[in-house]
Amino acid sequence: MYEPYIKKEDELTIIELVNHLIMIEEKDPVRISILDLERNSDITLTKNEIFEISQFVKENNTCCQTLEIDNILIETQPDWLTIKCSDNVVTIRPEMFDKIVKYLEENEVTIMKESNTAQNIYNSLINLSNGQNNNQTNNKPNETKTIAIKDNQTKNSKTIYDSVMDNLGGNNNGQQQ
């Protein structure tokens with residue numbers, strides 16, 4: 001999602017809305033700070049709280065309702081959403097709040113697609129390896145390959161790529177048995 005009002009830097013995303021500045025810290029747990037520039041007040045919420053508020057706003061967009069999550073009070077009105085936490089109060093239009101929600105949803109979909117792509121590549125390489133094993137062993141059942149670790153070699157976590165290449169015999173570090 002490219003929008004001119006969204007800026008990304010490493011694990012921080014900044015969304016500049018009309019009277020609000022939104023900062024999203026994109027490491028687990030995802031934290032969203034909403035700064036109300038008119039009131040000079042800010043609220044920090046988790047991604048789950050944002051989604052819960054969004055669902056509440058969708059269900060109660062025509063009448064005045066309140067929702068309380070832990071120590072956060074949310075009040076809906078047809079044109080405004082007010083979020084209170086202790087002495088901090090942020091008032092935001094529902095359509096502006098929806099921009100935050102849409103960004104989070106699209107970012108979540110992107111992460112899932114990237115994860116699925118990595119899994120698909122891994123599965124393809126494993127299937128390719130299994131196909132080569134079948135050809136080499138004249139269609140005998142697949143044998144499990146193990147990676148031998150020498151006593152003096154340090155054990156460390158490997159990336160998926162390293163593990164696959166070791167199993168395929170593509171890395172010098174991998175040993176086939």
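In this chain, numbering begins with 1 at the start of the sequence shown.
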Q.
Any heavy-atom pair between the side chains of Met23 and Ile32 that's under 4.5 Å?
A. no
Q) Heavy-atom distance under 4.5 Å between the side chains of Leu45 and Ile72, does that happen here? A) yes
(Q) What I want to find out is whether Lys27 reaches Glu25 closely enough, with some N-O distance under 4.0 Å, to be called a salt bridge. (A)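 The answer is yes: the pair qualifies as a salt bridge.
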Q. Is there a side chain to side chain contact (heavy atoms under 4.5 Å, CB included) between Leu81 and Thr91 once you walk through the steps?
A. CA-CA 6 Å; Leu81 173 64; Thr91 303; over 6 Å; no
Q) Which is it for His20 and Phe97 under the side chain to side chain contact (heavy atoms under 4.5 Å, CB included) test, yes or no, and what are the steps along the way? A) CA-CA 10 Å; His20 298 85; Phe97 187 80; over 6 Å; no
Q: Specify the closest pair of heavy atoms between Phe56 and Thr76, including all atoms of both residues, with the distance to one decimal.
A: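 That would be CE2-CG2, 3.4 Å.
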Q) For Glu16, what residues pass the side-chain contact (heavy atoms from CB on, under 4.5 Å) criterion, not counting sequence neighbours? A) Lys7, Ile14, Leu21
Q: Name all pairs fulfilling the salt bridge (charged side-chain N to carboxylate O under 4.0 Å, His left out) condition that reach into residues 65-78, sequence neighbours left out, sorted by first residue then second.
A: Glu75-Lys84
Q. Among pairs that include at least one residue of residues 37-46, which meet salt bridge (charged side-chain N to carboxylate O under 4.0 Å, His left out), considering only residues two or more places apart or in two chains?
A.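 Pairs touching residues 37-46 that pass the test: Asp36-Arg39.
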(Q) Evaluate Ile100 against Ile92 for side chain to side chain contact (heavy atoms under 4.5 Å, CB included), listing each step before the verdict. (A) CA-CA 11 Å; Ile100 301 167; Ile92 188 168; 4.3 Å; yes
Q) Just wondering, are more than 12 heavy atoms of other shown residues or ligands nearer than 6.0 Å to CD in Glu9? A)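 No, the 6.0 Å shell around CD holds no more than 12 heavy atoms from other groups.
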Q. Would you say Gln55's side chain and Glu52's backbone share a donor-acceptor pair under 3.5 angstrom?
A. no
Q | Thr13 side chain to Lys8 backbone, donor-acceptor under 3.5 Å | A |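 Answer holds: no.
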Q) Yes or no on side chain to side chain contact (heavy atoms under 4.5 Å, CB included) for Ile24 and Leu12, after CA distance, side-chain angles and deciding distance? A) CA-CA 6 Å; Ile24 302 170; Leu12 180 69; 5.9 Å; no
